[in-house]
Amino acid sequence: MEIPSKYSPNETEDRIYAMWLEKKVFKSLPNDKPAYTIVIPPPNVTGVLHMGHMLNNTIQDLLIRRARMRGFNACWVPGTDHASIATEAKVVQKLRKEGIKKSDLSRDAFMEHAWEWTHKHGGIILDQLKKLGASCDWDRTRFTMDPKYYESVIDCFIDLHKKGKIYRGERMINWDPAALTALSDEEVIHKEIQSKLYFLKYQIEGTTEFLTVATTRPETILGDTAVCVNPKDERYTHLHGKKVIVPLVNRAVPVIADEYVEIEFGTGCLKVTPAHDQNDFMLGEKYQLEVINMMNADGTISEAGGMYVGQERFAVRDQIAKDLDAAGLLAKTEEHLNKVGYSERTDVVIEPRLSLQWFVDMKDLSKPALENVMNDTIRFFPPKFKNSYRNWMENIKDWCISRQLWWGHRIPAFYAPDGSFEVAKNIEDAVAQFQAKGASWSAADLKQDDDVLDTWFSSWLWPISVFDGFYSKEELDYYYPTADLVTAPEIMFFWVARMIVAGYEYVGNFPFKNVYYTGIVRDKQGRKMSKSLGNSPDPIELMQQFGADGVRVGMLLSSPAGNDLPFDESLCEQGRNFANKIWNAFRLVKSWEEKIDASLEQPESSAIAVKWMNNRFEQVLAEMEDGYDKFRISEVLMQTYKLIWDDFCAWYLEMAKPSYGKGIDSKTYNDTLDIFQNLLKVLHPFMPFLTEEMWQHMDSWKNESEMICISNWPAAKTFDANIQKEFEEFEQLVTEVRNVRKKQNLPNKEALVVSFMKTANRNSSFDAAFKHLCNITELNEVSEKMSPSFSFMVNGVEYFIPYTASVDVEAEQAKMKEELSYLEGFLKSVEAKLSNERFVQNAPAAVLEGERKKQSDALSKIAAIKEQLG
RNA sequence: GGGAGUUUAGCUCAGCUGGUUCAGAGCAUCUGCCUUACAAGCAGAGGGUCACUGGUUCGAACCCAGUAAUUCCCA
């Protein structure tokens with residue numbers, strides 16, 4: 001069979017993936033084996049694959065594939081998130097393009113559109129993950145709005161409400177005036193904005209004096225109900241208890257004194273607008289101030305504002321500044337840098353708004369979640385994230401979970417006409433609950449809460465609900481807690497922390513053992529990849545260009561946990577080249593199949609090569625296992641890369657390769673296949689398609705296991721560090737000979753004679769391989785130095801290769817002199833150290849010995865060069 | 001304003017308990033090769049004031065203090 005010299009992933013990958021699916025190798029059901037479970041961070045149901053997903057899912061696939069090969073019952077649960085606000089925004093946008101306004105639709109009609117959209121776009125991302133090679137158990141695909149999942153979210157709400165952990169209250173929340181919904185603190189992005197500080201003049205009642213107040217939001221004077229100064233501020237002591245007139249509005253409001261006010265900021269006077277600022281609200285409660293809600297939900301001025309009614313908030317800001325100025329009530333304006341909150345989804349400025357919302361009381365719920373991360377019951381990689389986790393958890397605030405949206409889990413609260421309500425699973429239960437309390441409302445009287453729950457209020461149950469854990473313990477007991485969670489640090493608070501909270505509350509145990517935080521994928525200029533910048537490559541195109549394996553390697557080559565990944569297509573190219581390298585190694589070994597000569601004994605050079613390569617494999621395997629334990633994924637990949645490219649291809653295969661036209665002995669051939677097989681196994685998690693394709697081409701491998709993805713991970717064996725030391729000596733020797741060949745322009749075809757100075761310490765293990773690799777006919781021991789000849793020292797032994805006619809003797813001598821002066825300098829520094837009494841007294845024996853060896857090596861090299869120079 | 005990081009070769013990063021793993025890797029670069037697996041390759045080579053300033057130590061990329069640059073999180 002002819003195998004092409006270039007590996008073409010496009011022809012291979014779909015075929016291999018189809019085989020895996022057909023053989024159901026990713027399927028997991030509880031059995032006798034230990035479980036190894038990962039739940040996917042569910043992408044938005046209508047999302048498309050971006051580079052962040054690629055990184056994230058490559059890592060998950062790598063972990064799950066390795067676990068599968070190590071004999072675990074590996075279960076990777078895929079699924080999607082309904083992404084309440086994000087999806088609803090997309091649907092609203094789509095309807096708008098069709099000329100339909102959301103406000104013109106009934107809730108049911110809107111939901112129909114939303115489901116239609118979900119069915120049309122949902123699941124695309126999961127198909128894209130298949131291209132990547134993701135070995136999910138697709139039969140388990142979950143969606144956060146699946147009927148059973150939906151039910152678990154509602155039951156969770158009801159349960160927490162019963163426990164008194166969920167309450168309804170009027171609070172200052174973050175209001176998105178574009179999406180017309182409340183947002184959690186985590187959905188607000190603070191940006192530093194150059195804005196203006198307006199200095200407004202408030203007349204002191206009954207005088208002609210004015211008090212100047214600085215504000216960034218002059219339009220909110222419409223809602224002013226007090227002015228506050230610091231009690232320690234002597235400038236204003238005389239005003240305590242007085243009243244001032246709000247400019248333009250002409251309302252008299254009290255001057256109150258509270259430590260909250262910063263004396264240094266602005267004029268030291270603060271206007272208090274309890275309905276439109278978090279801190280003002282607090283002051284309002286403390287001093288029982290009137291609350292004037294002067295803004296509508298959409299950010300326009302309300303009737304209560306009394307002026308500018310119906311106008312947009314920022315237009316009013318400009319207008320009111322002009323009007324104040326015209327009235328002589330604007331003292332001045334200053335440029336001012338301040339932080340303004342923006343909606344994560346709609347990017348409009350958030351309004352603090354007073355409204356009735358549902359909250360989860362997080363104080364007690366969060367305690368076990370904090371404790372068990374701090375004591376490493378749940379481990380974070382990298383651990384530095386424990387700090388910010390603790391910071392957040394120690395200052396945790398109640399979680400606003402209601403959203404004024406339709407797409408999501410509708411809050412199970414039913415209101416009676418008198419305003420009382422019951423939290424219940426359905427309207428019948430609600431009626432019964434009312435009746436139990438003596439209120440005889442019928443179903444027709446009741447109205448369910450219009451709002452839905454925050455998306456994260458469903459995804460925080462993900463590791464439980466994907467196993468139907470609220471209704472059956474069977475799968476939960478087997479798969480939970482899961483092994484690893486792979487996610488972005490950005491959603492540590494949104495999601496990771498809350499899953500831990502829910503885990504302890506509902507299962508009494510952590511949801512995952514390890515959390516691996518990936519970095520953010522950035523472009524070459526260090527910018528975050530985003531749609532608006534257009535700097536994100538299309539993952540599907542990348543995979544077409546470099547193969548899924550190439551892209552996987554590219555993603556993992558430089559992504560230590562928690563570090564950002566500066567992405568560059570050339571990394572994928574490196575991955576593709578690596579695939580091709582292995583492919584060609586395979587072609588070589590495959591070609592030996594027909595060259596096996598049973599009459600041949602295994603040559604000594606091959607025997608040592610096999611011995612070394614096996615030993616080397618064990619050594620690197622041990623390093624790799626250690627790397628995996630520490631989640632140092634890119635290091636493990638690099639170790640694998642070098643093991644295959646350098647050790648196996650560049651050294652082993654060259655040593656084991658028969659001379660041109662010669663056959664190969666069957667022992668070397670079989671040994672090579674065994675080595676190759678192990679290499680493919682440890683490579684498989686990184687490059688699943690390539691390794692599976694090669695596996696399928698080799699019958700003897702298929703005898704062990706039908707597919708590499710379900711073969712057995714190599715068991716670690718002991719290794720001998722000495723063999724590696726001897727090899728490194730041999731490596732140096734080969735390099736020296738190659739250099740001599742190069743200097744003399746001697747091709748490898750021309751055989752050489754090499755001599756070495758007689759010594760007791762020389763190790764000859766690799767001599768056969770040395771002769772084979774460097775085409776050396778004779779390796780002679782001599783007792784006198786040869787001249788004229790090239791000479792070099794390897795581990796204290798001096799080697800000689802006679803000059804040929806073409807050598808530039810003077811240039812050679814100049815080089816030797818240079819080397820000599822370097823060595824003499826080096827020797828000096830070593831001797832200086834050794835003559836330092838305090839060093840000799842304090843340094844440990846091993847270090848001292850090392851220095852003495854440096855000294856003696858340098859001395860002998862110097863002697864050799866001097867002799868050579870004559 | 002509070003907190004957490006980062007700074008080592010042109011680029012991306014290792015460097016774990018202060019000392020032979022100590023200045024390293026991959027990529028890129030340069031030189032020579034289409035050598036019978038692979039030019040998506042092979043062989044060889046060059047490249048660093050470990051951000052800066054001080055300190056501790058026989059000894060510092062590593063520990064301490066300060067400075068600068070930079071990233072992120074929280075308010």
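So you know, we letter chains A, B, ... as the sequences are listed, proteins then strands, and number each from 1.
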Among [options], which nucleotide sits nearest the side chain of [X]?
X	options	value
R522(A)	C72(B), G26(B), C74(B)	C72(B)
K6(A)	A25(B), C38(B), A37(B)	C38(B)
N580(A)	G44(B), A37(B), A40(B)	A40(B)
N387(A)	U12(B), G5(B), G44(B)	G5(B)
K742(A)	G5(B), G44(B), G41(B)	G44(B)

Please report the distance separating the [atom1] of [N] from the corresponding atom of [M], rounded so that it comes out in whole Å.
N	M	atom1	result
C63(B)	G15(B)	P	12 Å
G18(B)	C58(B)	P	16 Å
A23(B)	G48(B)	C1'	8 Å
G2(B)	G66(B)	P	14 Å
A69(B)	G26(B)	C1'	27 Å
C50(B)	C22(B)	C1'	11 Å
U17(B)	C27(B)	C1'	32 Å
C42(B)	G47(B)	C1'	22 Å

Any donor-acceptor pair under 3.5 Å linking the side chain of W701(A) with the backbone of L673(A)?
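Here the side-chain-to-backbone pair exists.
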
| message | Donor-acceptor pair, distance only, cut-off 3.5 Å: does the side chain of R552(A) make one with the backbone of G547(A)? | response |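 Not a single qualifying donor-acceptor pair exists.
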
Base, sugar-phosphate, or nothing: which does [X] touch, judged by heavy atoms less than 4.0 Å apart?
X	answer
T735(A)	sugar-phosphate
R576(A)	base
W645(A)	sugar-phosphate
K630(A)	nothing
E654(A)	base
E635(A)	sugar-phosphate
N739(A)	sugar-phosphate

* How about F578(A) and Y641(A): are their ring centres within less than 6.0 Å of each other? ->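 Aromatic pair counts; centres sit under 6.0 Å.
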
Margin query: In this structure, is the centre-to-centre distance between the rings of W392(A) and F493(A) below 6.0 Å?
Written below: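 Yes, close enough.
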
When you look for runs of 3 or more Watson-Crick or G-U pairs in a row, both distances below 3.5 Å, which of them include RNA chain B?
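Counting only runs of 3 or more consecutive pairs, the stems involving RNA chain B are B:1-7 with B:68-74, B:10-13 with B:24-27, B:29-33 with B:41-45, B:51-55 with B:63-67.
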
May I ask you to decide if the ring planes of [X] and [Y] are parallel, tilted or perpendicular, using 30° and 60° as cut-offs?
X	Y	result
W456(A)	F494(A)	parallel
Y516(A)	F631(A)	tilted
F770(A)	Y799(A)	perpendicular

- Message: Go nucleotide by nucleotide along RNA chain B from the 5' end; which of R632(A) and F578(A) gets its closest nucleotide reached first?
- Response: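 That would be R632(A).
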
**Asked** Pick the nucleotide of RNA chain B nearest each of M638(A) and L653(A); which residue has the one closer to the 5' end?
**Response**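 Result of the comparison: M638(A).
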
Hey, does the Lys NZ or Arg CZ of R738(A) hover above the aromatic six-ring of W651(A), less than 6.0 Å from the centre and inside 45° of the axis?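 R738(A) over W651(A) ring: yes.
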
Handout entry: Heavy-atom donor-acceptor pair, Q639(A) side-chain to A25(B) base, under 3.5 Å
Key =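 Answer is no: no donor-acceptor pair is held.
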
- Query: Between Q619(A) and R616(A), is any side-chain donor less than 3.5 angstrom from a side-chain acceptor?
  - Reply: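 The criterion, which ignores hydrogens and geometry beyond distance, is satisfied for R616(A) and Q619(A).
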
Starting from [atom2] on [N], measure out to [atom1] on [X] and report it in whole angstrom.
X	N	atom1	atom2	value
N279(A)	G1(B)	CG	C1'	14 Å
W583(A)	A39(B)	CH2	P	15 Å
I664(A)	A37(B)	CD1	P	12 Å
Y7(A)	A37(B)	OH	P	22 Å
N391(A)	C72(B)	CG	P	18 Å
W651(A)	C38(B)	CH2	P	20 Å
I396(A)	A75(B)	CD1	P	12 Å
N577(A)	A40(B)	CG	P	8 Å

Does S5(A) place a side-chain N or O at less than 4.0 Å from the phosphate oxygens OP1/OP2 of A40(B)?
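Answer is no, no contact under 4.0 Å.
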
Q) Any side-chain N or O of Y641(A) less than 4.0 Å from the OP1 or OP2 oxygen of C27(B)? A)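 Answer yes for this pair, as a side-chain N or O of Y641(A) is under 4.0 Å from OP1 or OP2.
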
Assess whether atom CD of E394(A) is packed by more than 12 heavy atoms of other residues, nucleotides or ligands within 6.0 Å.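 Above 12, so yes.
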
